[in-house]
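One structure is given below, encoded as structure tokens.
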There are 2 protein chains.
Amino acid sequence: MEFTKRLLEQFLTLAEEKHFGRAAERLSMSQPPLSQAIQRLERGLGATLLDRRPGDLRLTPAGAAFAVEARRLLDAQTAVVERVRRVAQGLEGDVRVGYVSILSHRHLPRLLRAAAEELPGLRIHLHQDSTATLVEMLRSGALDLAFIRDPSPVSDDLAVHDFASERIVAALPDGHRLAGSDSIALEDLRDDDFVLLNGTALPGLALQARLACREAGFTPRCRADADDLTGLLGYVAAGLCVSLMPEDLRGFPVPGIAFVPFRGSSPYLRTTVAAVRRTDADAAVHRLLDLITRHAGRP
Amino acid sequence: MEFTKRLLEQFLTLAEEKHFGRAAERLSMSQPPLSQAIQRLERGLGATLLDRRPGDLRLTPAGAAFAVEARRLLDAQTAVVERVRRVAQGLEGDVRVGYVSILSHRHLPRLLRAAAEELPGLRIHLHQDSTATLVEMLRSGALDLAFIRDPSPVSDDLAVHDFASERIVAALPDGHRLAGSDSIALEDLRDDDFVLLNGTALPGLALQARLACREAGFTPRCRADADDLTGLLGYVAAGLCVSLMPEDLRGFPVPGIAFVPFRGSSPYLRTTVAAVRRTDADAAVHRLLDLITRHAGRP
DNA sequence: CGACTCGATATCATTAGCCATATGGAGTTC
DNA sequence: GAACTCCATATGGCTAATGATATCGAGTCG
């Protein structure tokens with residue numbers, strides 16, 4: 001039994017009109033083929049749908065039930081078309097997004113809010129991990145999009161889009177001679193003891209910090225190192241060293257530490273990029289990526 | 001866009017096999033028409049369903065969504081057929097049943113239980129009213145089946161089926177000289193004061209009680225009357241009169257009253273019949289009516 | 001580079017679904 | 001009972017859906 005739209009439409013019209021002649025007219029056809037279509041329908045269903053009493057056509061209980069179901073089938077079909085089109089256009093769907101922990105502070109909530117407003121049909125699945133793991137997951141198809149650290153080992157099957165560049169600021173202990181300044185120059189710290197990242201966890205930041213010092217014309221005297229930011233913060237708060245950190249941390253006041261920006265053309269840490277597979281044709285991913293690039297670089 | 005079963009089946013098979021050749025083989029057709037069918041489907045939907053990369057066919061997000069929806073559409077169609085057939089066979093549906101209050105004591109719960117077990121797909125809508133009103137509702141189509149009193153004004157557009165015959169018993173005050181008997185004869189009460197129904201509420205019972213006395217060879221001396229059974233019970237419990245009542249009431253002991261059956265061929269009150277419209281072809285009504293007649297006459 | 005795989009395209013035959021006209025037949029009305 | 005209403009039946013034409021064969025073209029691999 002095949003339920004074509006035409007057949008369902010014919011039955012529904014007949015169910016409304018309760019008159020073969022009028023229904024046929026509304027359907028722009030003659031009466032006999034309508035009779036036959038309905039008969040085929042009844043044979044196919046194995047049930048009588050109409051109580052044909054002379055001059056008074058009415059639906060049997062089965063016919064009334066089928067009228068309801070027929071309308072549902074029609075609605076379901078158009079709904080399927082709608083849904084598939086929306087998925088194809090990326091207005092509906094699932095996107096698996098990976099990110100490094102730093103992002104969560106400020107950018108991620110803002111992005112999620114914007115996505116929920118602009119692309120309400122998207123379900124975004126979040127996964128936090130290290131840059132290296134995220135790249136691997138992205139390449140293997142376990143993720144669709146990832147916010148990762150740059151510089152990082154990005155092969156050419158991935159396309160990257162600049163997302164957020166954070167400036168480096170100085171982290172000084174409260175008692176430091178420059179702790180009260182509005183801004184300083186990096187070379188003002190050439191004679192200070194530094195604590196820097198050793199590069200195991202955040203290689204990008206560790207590298208950039210050293211590069212910035214070299215550009216400023218000195219090699220930082222490293223009194224200590226640490227493998228994550230909280231370690232750095234501990235050393236600085238103890239008053240033993242100064243350090244360089246992403247400006248993001250200024251939003252989280254740490255007792256005993258002053259974050260002071262650099263003057264003029266200060267060293268940048270180009271931190272976060274959004275990466276996707278070059279071959280990925282998923283429209284939802286591209287819509288999300290578009291939204292991300294439009295939100296890139298904002299504070 | 002028309003979703004024939006064949007087309008959905010073709011897409012689903014292809015979605016499983018991810019290979020045009022193998023899918024065509026499983027569908028007992030050659031590969032080219034399958035390609036064309038899928039292309040027509042994609043054009044009709046206005047969306048690309050397959051990612052055709054050489055040697056590795058995969059579904060696009062839209063294709064994956066459509067695969068889910070296609071399966072749902074197929075299931076929905078077969079479910080519709082099933083449902084319509086069940087309604088046509090009377091295994092599913094709505095039946096509006098009217099009944100007179102007496103019935104509710106014992107028969108109605110039993111019937112509903114049996115119906116729920118034997119015809120679980122039926123939704124039974126209950127309505128209690130007087131015999132006259134029920135007959136009118138039945139005829140006008142507001143009810144499908146009614147348990148009514150007999151004798152009653154049943155026109156020949158209704159078909160009636162005997163359902164329950166209740167015997168008349170004597171209701172005697174506890175102190176009555178026959179209150180302890182196992183059974184008595186109606187003429188034993190010829191000199192007692194009676195309280196009987198005046199016929200406004202339960203004309204059948206009122207009439208039958210008087211007919212029974214006439215058959216026993218006497219006219220009951222009516223000291224009082226009442227328009228319902230509780231009125232009768234009050235008079236009897238007060239010790240003022242005896243009365244005649246349906247034996248149903250023996251199940252509800254009333255303080256101060258003894259119900260005593262009549263000996264031998266005691267007078268019957270043929271109380272309740274199930275009535276339906278003769279022209280009604282509703283299979284659910286007939287199934288229920290069949291169940292009712294099979295349960296007729298049981299205690 | 002040549003064979004192979006796999007999907008797309010071109011062309012054609014068959015069928016059956018759909019609708020039209022003409023007619024039949026039951027029931028109602030005046 | 002004659003005209004009318006209304007649905008069913010009979011018959012025929014047309015279109016469009018369906019699938020088969022043959023071929024092409026891109027990509028892969030030894």
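Throughout, protein chains are lettered first and strands after them, A, B, ... in sequence-line order, and every chain is numbered starting at 1.
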#### Entry: Aromatic plane relationship, A/F163 with A/H107 - under 30° parallel, 30 to 60° tilted, over 60° perpendicular
perpendicular
### Query
Salt bridge check: are A/R123 and A/D94 linked by an N-O gap of less than 4.0 Å?
yes
### Query
With the threshold set at 4.0 Å, does a side-chain nitrogen-carboxylate oxygen contact exist between B/R22 and B/E25?
no
From C-beta outward on [X], which listed nucleotide comes closest to its side chain: [options]?
X	options	answer
A/L57	C/dA10, D/dT9, D/dC7	D/dC7
B/S30	D/dT21, C/dT9, D/dA8	D/dT21
A/T4	D/dG19, D/dC7, C/dC18	C/dC18

### Message
Does B/Q10 reach a base, just sugar-phosphate, or nothing at all? Heavy atoms under 4.0 Å.
### Response
sugar-phosphate
### Task
Select base, sugar-phosphate, or nothing to describe what A/R40 touches, counting heavy atoms under 4.0 Å on all strands.
sugar-phosphate
### Query
Toward the 5' end of DNA chain C, which comes first, B/P33 or B/R22, by nearest nucleotide?
B/R22
### Query
Mapping B/H19 and B/Q36 onto DNA chain C by nearest heavy atom, which one lands closer to the 5' end?
B/H19
### Distance test, side-chain N/O of B/S35 to OP1/OP2 of C/dA8, below 4.0 Å
yes
### Query
Do the side-chain N or O atoms of B/R52 get closer than 4.0 angstrom to the phosphate oxygens (OP1, OP2) of C/dC6?
no
Return the value, rounded to whole Å, for the distance between atom [atom1] of [X] and atom [atom2] of [N].
X	N	atom1	atom2	result
A/D51	C/dG27	CG	P	14 Å
A/Q31	D/dA10	CD	C1'	13 Å
A/L34	C/dA20	CG	C1'	14 Å
B/L7	D/dA17	CG	P	11 Å
B/F20	C/dT5	CZ	P	18 Å
A/R53	C/dG27	CZ	P	13 Å
A/E17	D/dT5	CD	C1'	16 Å
B/M29	D/dA17	CE	P	15 Å

#### Entry: Partner of A/E118 by side chain to side chain donor-acceptor pair (under 3.5 Å), out of A/R287, A/H295, A/R294
A/R294
### From CA spacing to verdict: salt bridge (charged side-chain N to carboxylate O under 4.0 Å, His left out), A/R52, A/E42
CA-CA 13 Å; A/R52 297 154 168 87; A/E42 287 180 312; 3.0 Å; yes
